[in-house]
Amino acid sequence: MGRKDASTIKLPVDQYRKQIGKQDYKKTKPILRATKLKAEAKKTAIGIKEVGLVLAAILALLLAFYALFYLRLSTDVNPDLDPDED
């Protein structure tokens, strides 16, 4: 008999979940769809930090190439030769 009495009493958590479920059911499908899309877009959106890191990496790479070519070309020139010596 104890089991029969225990099954009729609902926990407050279950009542709360049922109430929330009814509230969500009252919403129209387009509103629920828009809410899901908004949450998904927020989850998959590229952040400012990631964009900044990519731009900084590209800039560092370009500066490294520039420095490499600048140093290579500046050391090949012989300062002892005068271009007007012909």
Side-chain angles (χ1 to χ4, degrees):
M1 290 197 119
R3 290 184 182 182
K4 187 175 183 181
D5 293 334
S7 65
T8 58
I9 299 173
K10 291 189 175 184
L11 295 174
V13 174
D14 290 333
Q15 291 175 351
Y16 178 72
R17 288 178 182 162
K18 187 175 181 180
Q19 183 182 6
I20 289 176
K22 286 180 181 178
Q23 289 175 359
D24 281 344
Y25 187 73
K26 290 178 185 177
K27 292 180 181 177
T28 60
K29 285 187 179 181
I31 294 173
L32 289 173
R33 189 177 299 130
T35 305
K36 285 181 183 179
L37 288 174
K38 186 176 180 182
E40 188 176 320
K42 186 182 272 188
K43 189 189 305 183
T44 60
I46 298 175
I48 295 174
K49 289 182 181 180
E50 288 85 6
V51 172
L53 287 174
V54 169
L55 290 176
I58 292 171
L59 181 64
L61 187 65
L62 287 175
L63 286 175
F65 278 128
Y66 179 78
L68 178 73
F69 287 123
Y70 177 77
L71 291 175
R72 185 171 237 189
L73 292 176
S74 66
T75 55
D76 286 342
V77 176
N78 192 352
D80 295 336
L81 295 176
D82 218 5
D84 296 332
E85 270 187 18
D86 289 333

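Please read all numbers here as calculations on a predicted model, not as lab measurements.
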- request: Might you confirm whether atom CD of Glu50 has over 12 heavy atoms from other residues, nucleotides or ligands at distances under 6.0 Å?
  value: yes
message: List the residues meeting side chain to side chain contact (heavy atoms under 4.5 Å, CB included) with Val13, not counting sequence neighbours, and say none if there are none.
response: Arg17
query: Does Ile58 sit in a hydrophobic cluster with other residues, and if so which ones, taking ILVMFWY side chains as linked at heavy-atom separations under 4.5 Å, directly or through other members?
result: Val54, Leu62
query: Is atom CD1 of Ile48 surrounded by more than 12 heavy atoms (other residues, nucleotides or ligands) closer than 6.0 Å?
result: no
